[in-house]
Every structure is written in structure tokens, then in C-alpha cells.
There are 2 protein chains.
Amino acid sequence: MEIVTLSRGVYEANCPTRHVLDVIADKWTTLIIGLLADGPRRFAELHRQIGGISQKMLTQTLRSLERDGLVQRTVYAQVPPRVEYALTPMGQTICEPLTALISWAEENIKAITDAQQRYAEASS
Amino acid sequence: MEIVTLSRGVYEANCPTRHVLDVIADKWTTLIIGLLADGPRRFAELHRQIGGISQKMLTQTLRSLERDGLVQRTVYAQVPPRVEYALTPMGQTICEPLTALISWAEENIKAITDAQQRYAEASS
DNA sequence: CCGTATCCTAATGGATACTG
DNA sequence: CAGTATCCATTAGGATACGG
């Protein structure tokens with residue numbers, strides 16, 4: 001198996017790439033992007049479809065994504081208000097590496113659970 | 001561009017895959033795995049090479065990785081003590097999706113910074 | 001050298017109530 | 001409907017000191 005070494009800069013304390021990684025390495029971000037990869041969604045749809053997210057965190061995460069240029073927020077001037085969230089072109093490019101990672105998680109969930117089991121037993 | 005939809009289960013509140021994602025979606029985990037992909041390291045090496053990590057967080061993150069079966073911890077019985085950390089076979093399999101994500105981050109750092117700039121100017 | 005233990009602060013994030 | 005505002009509990013995580 002070939003191993004790709006990361007660029008050195010990542011390991012320096014103030015590396016900007018680390019800031020970008022922090023953006024992605026978020027509990028909710030991954031899930032939101034995963035949903036939007038399927039097509040635009042309204043606020044309430046996202047809220048309903050993502051189990052356990054609070055309104056506050058949904059708003060906050062969407063704002064970050066918008067700020068970082070991964071998500072486009074569109075407000076339709078009507079009553080009641082209608083707001084749609086969609087991935088930007090840049091946002092779409094992250095889907096592939098992200099789904100690869102999630103696939104890995106799904107494929108290895110059992111192996112990891114087993115490892116945790118063994119670890120717990122070993123330290124008892 | 002083809003978009004892969006995530007499995008539905010991920011969006012349920014107590015989905016075990018989300019726990020696995022949380023494992024990876026950590027500030028330090030990514031960097032540690034990136035270093036170990038290159039070969040085994042000692043504690044002090046990791047501490048030196050990862051800028052800004054505290055001893056506490058390094059220990060904590062390494063324990064998690066060991067617990068999850070991604071990292072193998074080997075203690076050599078000698079004085080002064082020598083402890084080596086290496087990726088397990090499972091740990092190696094995550095390198096590819098992880099480096100893909102980090103590559104994405106490095107390729108898009110400028111676009112994201114620019115987007116943040118525009119966002120800040122628009123809201124002033 | 002490789003940790004653990006303790007203390008302490010800042011940030012996270014849920015619950016709830018209220019608004020255009 | 002799509003938020004904002006406020007309060008509050010929990011946690012994350014740095015600094016420091018100490019131990020095998």
C-alpha cells in the first residue's frame with residue numbers, strides 16, 4: 001500500500017490549512033454537506049432530516065459554510081419567508097473526498113467497535 | 001460531476017457511524033495519523049513535530065486512537081522508557097481518504113480565505 | 001522519557017423564549 | 001418559517017506540578 005505524506009506546512013502551529021481542516025472537522029458540517037450534495041434544502045428540511053441538531057447549531061454551521069463559500073444562501077422575499085441552502089461549485093468539489101471518508105467510517109464501524117471492546121476488557 | 005449520496009442511517013441521532021466520524025473529525029487526530037503514515041514515531045517526536053499541541057492533548061488523542069484500533073502503542077522496557085506509536089493495518093487504510101481531504105483543504109485554502117474576505121466586507 | 005493529576009479558564013452547545 | 005437572544009451546564013483544553 002502506498003502512503004502519501006502530507007505537506008510539511010500542515011504541522012506548523014499557524015498553518016492556514018489547519019484552519020480549513022477545522023472547518024471540515026466539525027460534527028455537523030459533514031452531515032449538512034452530505035444532504036446538500038443531494039440538492040438544495042430549506043432550513044426546516046435540514047432541521048428535520050438531521051437528527052439531534054439544535055436550531056442554534058444548524059444556523060451557526062450554515063453561517064460558517066456560507067462564510068467559507070461552500071454554501072449559497074438564497075432568501076425569497078415572500079411571507080412566510082423561504083430560505084434555501086445549496087452547495088456552491090466549490091462546495092460540490094468537497095463531496096467526493098468527504099463521502100470517501102464517510103464510506104470508510106461505515107466500512108470500519110464494526111472493527112472499531114470491536115477494538116474498543118477489547119480495549120475496555122484489557123484495562124479491567 | 002457525480003455526487004454520491006450518504007446512507008440514510010448517518011442522519012439518525014444515534015447512528016454509530018457518527019461516533020466514528022467524531023473520532024476522525026478531531027483537530028489533532030488528522031495530523032497525528034498523517035505523521036504516523038510516514039512510519040512509527042516516539043512520543044517526544046510527535047510532540048515536537050506537531051506545532052502547538054499540549055502534552056495532555058497528545059496523550060489523550062493517542063489513547064483514543066489506540067482504543068479505536070487505529071494506532072499500536074509499543075512500550076520498550078528500558079531506562080529511560082521508550083514508547084513507539086505506529087499505525088495498525090486498519091489505521092493505514094484511513095490514510096488515503098484522509099490525505100484526499102487534506103489535499104482538498106490545501107487546494108482550496110485561497111478560495112476559502114477569499115470567500116471569508118468577501119463575507120466580512122459584505123456585512124460591514 | 002513518558003506520562004498522570006490537578007486546577008482553572010474559555011468555548012461549546014442545549015433549552016427556552018421571543019421576533020420579522 | 002427562519003431565525004435571534006439569553007441563560008446555563010458541560011466540556012475542552014492549556015498551564016503547571018509531580019511520579020515511575
Side-chain angles (χ1 to χ4, degrees), chain A residues 11-15 18-19 21-32 35-36 39-68 71-86 119 122-124, chain B residues 11-15 18-19 21-32 35-36 40-68 71-86 119 122-123:
Chain A
Y11 295 97
E12 279 150 37
N14 275 19
C15 169
R18 290 222 325 224
H19 290 47
L21 275 181
D22 289 353
V23 165
I24 308 160
D26 180 82
K27 189 180 179 182
W28 303 114
T29 305
T30 325
L31 298 172
I32 292 178
L35 277 178
L36 294 182
R41 299 285 148 99
R42 301 182 58 173
F43 185 88
E45 286 182 285
L46 292 169
H47 195 201
R48 192 170 356 97
Q49 297 190 54
I50 302 179
I53 193 172
S54 66
Q55 202 175 33
K56 179 183 176 179
M57 287 314 298
L58 182 54
T59 305
Q60 205 172 302
T61 310
L62 285 170
R63 286 290 171 283
S64 299
L65 287 170
E66 190 194 356
R67 194 181 101 101
D68 298 335
V71 160
Q72 168 74 39
R73 178 173 180 267
T74 312
V75 184
Y76 297 93
Q78 58 187 48
V79 180
R82 174 191 179 83
V83 181
E84 264 194 5
Y85 295 91
Y119 189 90
S123 49
S124 65
Chain B
Y11 295 98
E12 279 151 36
N14 276 19
C15 170
R18 286 217 332 219
H19 290 47
L21 275 180
D22 290 353
V23 165
I24 308 160
D26 178 84
K27 188 179 181 182
W28 304 115
T29 304
T30 324
L31 298 172
I32 292 178
L35 278 177
L36 294 182
R41 299 286 149 99
R42 300 183 58 174
F43 185 89
E45 286 181 286
L46 292 169
H47 196 202
R48 193 171 355 97
Q49 296 189 54
I50 303 179
I53 194 172
S54 65
Q55 201 178 32
K56 179 181 175 180
M57 287 314 296
L58 181 54
T59 305
Q60 205 172 98
T61 310
L62 285 170
R63 286 291 170 283
S64 300
L65 287 170
E66 190 194 356
R67 194 181 101 102
D68 298 336
V71 161
Q72 168 74 37
R73 178 173 181 266
T74 311
V75 184
Y76 297 93
Q78 58 187 48
V79 181
R82 172 192 179 83
V83 182
E84 263 194 7
Y85 295 91
Y119 189 90
S123 49

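Only a predicted model underlies this, so the values are computations on that prediction, with no experimental measurement involved. Reminder, nothing fancy here: chain letters follow the sequence lines and each chain counts from 1.
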For the residue pair [X] and [Y], establish whether any side-chain heavy-atom pair is separated by less than 4.5 Å.
X	Y	result
A/Arg41	A/Tyr85	no
B/Gln60	B/Met57	yes
A/Leu46	A/Ile53	no
A/Ile50	A/Trp28	yes

What is the separation between atom [atom1] on [X] and atom [atom2] on [N], rounded to the nearest whole Å?
X	N	atom1	atom2	result
B/His47	C/dG3	NE2	P	12 Å
A/Gln60	C/dA11	CD	P	13 Å
B/Leu46	C/dC2	CG	P	10 Å

Can you list everything that forms a side chain to side chain donor-acceptor pair (under 3.5 Å) with [X]? Sequence neighbours excluded, please.
X	value
B/Thr61	none
A/Arg42	none
B/Arg48	none
B/Ser64	none

Begin with the C-alpha distance, continue with both residues' side-chain angles, and end with the deciding distance and a verdict on side-chain contact (heavy atoms from CB on, under 4.5 Å) for B/Thr30 and B/Asp26.
CA-CA 7 Å; B/Thr30 324; B/Asp26 178 84; 6.0 Å; no
Considering only heavy atoms of chain B and a distance under 4.0 Å, specify the first and last nucleotide of DNA chain D in 5' to 3' order that meet this criterion.
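Result: D/dG13 to D/dG20.
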Look for any protein N or O under 3.5 Å of an N or O in nucleotides 14-19 of chain C and output each such pair with its distance, or none.
residue: C/dG14; atom: OP2; partner: A/Ser54; partner atom: OG; Å: 2.9
residue: C/dG14; atom: O6; partner: A/Lys56; partner atom: NZ; Å: 2.4

Partners passing salt bridge (charged side-chain N to carboxylate O under 4.0 Å, His left out) against B/Arg67 (at least two apart in sequence or in another chain):
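By the salt bridge (charged side-chain N to carboxylate O under 4.0 Å, His left out) rule, B/Arg67 matches no residue at all.
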Partners of B/Arg82 by salt bridge (charged side-chain N to carboxylate O under 4.0 Å, His left out), sequence neighbours excluded?
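In terms of salt bridge (charged side-chain N to carboxylate O under 4.0 Å, His left out), with neighbours along the sequence ignored, B/Arg82 is linked to B/Glu84.
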For B/Ser123, what residues pass the side-chain contact (heavy atoms from CB on, under 4.5 Å) criterion, not counting sequence neighbours?
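With sequence neighbours excluded, B/Ser123 shows a side-chain contact (heavy atoms from CB on, under 4.5 Å) to B/Tyr119, given in chain and number order.
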A/Val75: what forms a side-chain contact (heavy atoms from CB on, under 4.5 Å) with it, not counting sequence neighbours?
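Scan of A/Val75 (side-chain contact (heavy atoms from CB on, under 4.5 Å), adjacent residues dropped) gives A/Arg73, A/Val83.
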Where along residues 71-80 of chain B does a heavy atom come under 4.0 Å from DNA chain D, residue by residue in number order?
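Per residue number, the list is empty: none.
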Paired and unpaired positions of DNA chain C as dot-bracket, Watson-Crick or G-U wobble under 3.5 Å, | denoting a partner strand:
|.||||||||||||||||||
